[in-house]
Amino acid sequence: MRKRALFILTLMLLLGAVGARATRAYAFLSSDKKTLTFYYDDNRFPEAFGTSYLLNEEDSNPGWYDYRTSITNVVFHSSFADARPTSCYKWFYGMSNITGITGLNYLNTSEVKSMYCMFYKCSKLTDIDLSSFNTEKVENMEGMFAGCSSLTSLDLLNFQLAYTLECIDEVEMHCDNFLYGCTSLKSLTVPKTVYVYVGVTVEVFPDHEEWLETYENVDANRLPPDAFSGIGTPTAPCTLIYPSGFTPHETSTGSDWYMWKGGYFKDAVTQAYAVLDGSTLTFYYDKLSSSRPGTMYELNTGTDTPGWNSKATTVTKVEFDSNFANATPTTCHGWFGGMTDLTTITGIEYLNTSHVTDMSFMFQKCKSLKTLDISGFTLSASTTTTSMLRLCNALTSLSVPATANVLDANACLGVGTEEKPCKLLYPTDFTPEKGNTGYGWYDWKSGYFYDDKTPQSYAILRASTLTFYYDINRQKRSGTPYSLNTGTNTPGWSSNGSTITKIVFDASFGNAIPKSCYRWFYGMSNLTTITGLDYLNTSEVVNMEEMFAGCSSLTSLDLSNIQLAYTLEPGELVNKTVMHCDKLLYGCSSLQTLTVPKTVRVLIGSVLGRDRYSVVGPNSLTDDACEGVGTQATPCTLVYPSGFTPEKTSTGNGWYMWKGGYFKDAFKMGDANGDGSVSVSDVMMTVNYVLGSTPPEGFHLDNANVNGDKVITVADVMAIVDIVLSNTSNNAPAH
């Protein structure tokens, strides 16, 4: 029958057959009598799962009182935050088996008038967080924590202790034995004032008196004489923490203790210390070390390892409390060394390093830290900074003071790379002493850095497009950034060469002056488009070896505005060179049109520290510069300026070999019909195009566009007429 009744009740609940219930505050004790949970809703559990109790009022025992010794867990559900109980009378009285209370912050005590024996004899509780308690209306706290013999610390700084005065001079206390029997208490924080409920008899009108309720704050010394009886001993006094402006009225004193309100105390000492609570390490300078949750560590001295170092790998956040600004540590040796998961440091401006002489290994191996601001640090030549920032290899931004050049030569070893240098922020009156420099980076204190005051040359790979820039926006751009390579180092983007389909030279890159183009587009087998090549300034490039080698999908390439370059080995003659543009276009097997410049710049050596150059024609390119370009059946069109004639190594029907590739000449300017000469027929064909705007069969647009404006007009017709009349069979290439 019981199972059937339970089934029917459950079904009714699911179908909504149970009538609407009022939202109530209640406590639910599980059927095993071990877990007490507080709720504020309309879903009180069926008795089959346990027992629910409405909250007690005033000075009546709570319904769960008889099961106090069997309860091991107390939980406040989040819904209880909306409840407004008026009494907490004996709520946890005698719960000697609970070790903690979950969700105590959901208990709103703003309307509570009695906390009588609320935690009485909770003998296994070691800590109670009262930070959310509002005791403004509480009139009775007698025995509130009495018998909490395992409680080690209690913070009442913002707690409004309360008692009642029957009259101003005769006090009937209602916080007697407040902490009686808290024999393990090592730290107690008390408020400066005590909130007092005062009842005053006043004459309202003749022959009639009325009792008025008023409140006032008085000195905490007005607490009952036995309020803290049982706390501390002469040999192990409890640390008393109290606000400035308050002095406890001692009843007796000893060498290291004094008695106050029945307990044995000693004053807290202001000290600098760190507390590890969970994964956060916080630095303080105050008297509250013994009352803070977590593990407390004193600061280290000299080159001693800090105590918290044994937990370094558990720390993810470091905080400096504002009061730490008053501390004057003498060493920061190894403070954050080995904190490989540390991602955040806050309040570092409160770290006063004016007396610090050792910062060695301070941030070593902080491999997850991305930004760091030490601009407020006091650094001098006498400050030891060995490996201070060593292996902070995730650092993207570092702010330093104007004296940062005194850092140890290897202080930043492992910070940044040539490809991803760290941003260095520094004041205007500071210039970093750079070791080596490269495109977009410089070496400082053995790390790789850049600043946003100087434009950088770099490339960004975004999807399948590689774009070249020269500006200060490297770190702001999306995609993968790369510094330019030097000498015969392979560029960083080369590893992704096969994924690149487009190359773009941004207009800003026109201000860049690269030194090497070695293998820039090497192996980019899917590259089909290059735009903005005119913005590539090669005036100081001395190596173009294999620059376009393997660009097997590229069909057209215009190098007319590029200064092809190579270097002569010392002692070599201009006509006997060791080239550094070997295999420049090797394997560009799809190339249909190649435009070459008139001259090639050659670095022939240096005299008195100044480079000397010679200018020669494209025929000086290495014999294999175009190997793989074109075939006899499909030669590539070679476009070249007037005054230049390619040195052909062999010729055939419609082709010739030049620099290892197969080529044919571009049609002559004005040769609209492509028959190899400029005549009246070219004039007529161009006229027909202008009149009809539809290209006649066999019409060559590039050759007819004599003025190079990419539009065929009457101006081009007149230019072709001039060529015919002057009988100039121009060898100049088409545009």
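Source: prediction; values computed, not measured.
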Criterion side-chain contact (heavy atoms from CB on, under 4.5 Å) on S539 and I513, from CA distance to verdict: CA-CA 7 Å; S539 61; I513 308 178; 4.3 Å; yes

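- For the pair S516 (side chain) and G487 (backbone), a donor-acceptor distance under 3.5 Å is present.
- Shortest non-hydrogen contact noted between F320 and I348 is CD1-CA, 3.8 Å.
- The environment of N326 atom CG is dense: over 12 non-hydrogen atoms of other residues, nucleotides or ligands sit within 6.0 angstrom.
- Listed here is the closest heavy atom pair of L299 and A274: CD2-N, 4.4 Å.
- Under the 6.0 Å cut-off for aromatic ring centres, F548 and F521 qualify, their centroids lying closer than that.
- Counting only heavy atoms from C-beta outward, the side chains of H333 and D304 never approach each other to under 4.5 Å.
- Between the side chain of N393 and the backbone N or O of V415, no donor-acceptor pair lies under 3.5 Å.
- Between Y458 and N473, the shortest heavy-atom distance links the atoms OH-C, 3.7 Å.
- No hydrogens or angles considered: a donor-acceptor pair under 3.5 Å links the side chains of Y426 and D451.
- A cation-pi arrangement, defined by a distance under 6.0 Å to the six-membered ring centre and an angle within 45 degrees of its axis, is present between R292 and Y284.
- Separation of atoms OG (S446) and CG (D408) is listed at 8.0 Å; rounding is to 0.5 Å.
- Judged by distance alone, with hydrogens and angles left aside, the side-chain atoms of N300 form no donor-acceptor pair with the main-chain N or O of G307 at under 3.5 Å.
- The CD1 atom of I128 lies 5.0 Å from the SG atom of C148; values are rounded to the nearest 0.5 Å.
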W493/F468 under ring-ring contact (aromatic ring centres under 6.0 Å, His included): CA gap, chis, key distance, verdict: CA-CA 12 Å; W493 58 82; F468 290 80; 5.4 Å; yes

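- Distance alone, capped at 3.5 Å, places no donor-acceptor pair between the K266 side chain and the C238 backbone.
- Using a 4.5 Å cut-off on side-chain heavy atoms (C-beta onward), L425 and K423 make contact.
- When all heavy atoms of N352 and A327 are compared, the closest pair comes out as CB-O, 3.5 Å.
- Across all their heavy atoms, S380 and V406 have their closest contact at O-CG2, 3.7 Å.
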Test log, rule ring-ring contact (aromatic ring centres under 6.0 Å, His included), inputs F324 and Y350: CA-CA 6 Å; F324 199 75; Y350 299 125; 9.3 Å; no

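- The backbone N or O of A236 sits less than 3.5 Å from a side-chain atom of T233, completing a donor-acceptor pair.
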Derivation of the side chain to side chain donor-acceptor pair (under 3.5 Å) call for Q271 and S289: CA-CA 8 Å; Q271 61 177 324; S289 60; 2.7 Å; yes

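- Rounding to the nearest 0.5 angstrom, the gap separating the CG atom in L536 from the CZ atom in F505 is 4.5 Å.
- At distances below 3.5 Å, not a single donor-acceptor pair connects side-chain atoms of T270 with backbone N or O atoms of K287.
- Look at E546 and R519 and you find a salt bridge, because one of the NZ, NE, NH1 or NH2 atoms lies within 4.0 Å of a carboxylate O, short of that distance.
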Worked check of side-chain contact (heavy atoms from CB on, under 4.5 Å) between L276 and T314: CA-CA 10 Å; L276 180 60; T314 69; 4.2 Å; yes

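- Within the 3.5 Å criterion, the main-chain N or O of L185 finds no donor-acceptor partner in the side chain of T152.
- Formation of a donor-acceptor pair under 3.5 Å by the R462 side chain with backbone atoms of S478 is found in this model.
- Under 3.5 Å, the side chains of T316 and S279 contain a donor-acceptor pair of N or O atoms.
- Ring-centre distance between W441 and F449: not below the 6.0 Å cut-off.
- A distance-only check finds a donor-acceptor pair linking the side chain of S483 to the backbone of E418 [under 3.5 Å].
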CA sep, side-chain torsions, deciding dist, call: L395, F363, side-chain contact (heavy atoms from CB on, under 4.5 Å): CA-CA 11 Å; L395 212 59; F363 299 95; over 6 Å; no

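- Between S464 and I500 the shortest side-chain heavy-atom distance does not fall below 4.5 Å.
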Verdict with supporting geometry, F265 and W257, ring-ring contact (aromatic ring centres under 6.0 Å, His included): CA-CA 5 Å; F265 296 96; W257 58 269; over 10 Å; no

Criterion side chain to side chain donor-acceptor pair (under 3.5 Å) on D277 and T280, from CA distance to verdict: CA-CA 5 Å; D277 186 15; T280 299; over 6 Å; no

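- Contact check on D506 versus R477 returns no salt bridge, with no Lys/Arg side-chain nitrogen under 4.0 Å from an Asp/Glu carboxylate oxygen.
- Within the 4.5 Å cutoff, the side chain of M388 has heavy atoms near those of the I374 side chain.
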Worked check of side-chain contact (heavy atoms from CB on, under 4.5 Å) between L351 and F377: CA-CA 8 Å; L351 172 56; F377 280 23; 3.8 Å; yes

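- Neither side chain, N511 nor Y535, offers a donor N or O lying under 3.5 Å from an acceptor on the other.
- Contact of the F336 side chain with the Q364 side chain is not registered, since no non-hydrogen atoms from C-beta on lie closer than 4.5 Å.
- Seen from the ring of Y482, K420 does not count as a face-on cation partner, given the 6.0 Å and 45° thresholds.
- The environment of CD in E298 is sparse: at most 12 heavy-atom neighbours from other residues, nucleotides or ligands sit within 6.0 Å.
- With a 4.5 Å cut-off on side-chain heavy atoms, M544 and Y518 do not count as touching.
- The side-chain heavy atoms of L389 and L398, taken from C-beta on, include a pair separated by under 4.5 Å.
- Applying side-chain contact (heavy atoms from CB on, under 4.5 Å) to L379 and the options N405, V400, T403 leaves one that passes, T403.
- A donor-acceptor pair under 3.5 Å is formed between the side chain of T396 and the backbone N or O of K370.
- In this structure, CG on L281 lies 9.0 Å from CG on L342, to the nearest 0.5 angstrom.
- Looking at heavy atoms from C-beta onward, Y264 lies out of side-chain contact with I231 at the 4.5 angstrom threshold.
- Remark: I472 CD1 to Q456 CD distance equals 9.5 Å, nearest 0.5 Å.
- Here the NZ atom belonging to K124 is positioned 15.5 Å from the CG atom belonging to L151, to the nearest 0.5 angstrom.
- Classified by interplanar angle (parallel below 30°, tilted 30° to 60°, perpendicular above 60°), the ring pair F430/W444 is perpendicular.
- Contact between T344 and L369 at its shortest, heavy atoms only, is N-CD1, 4.1 Å.
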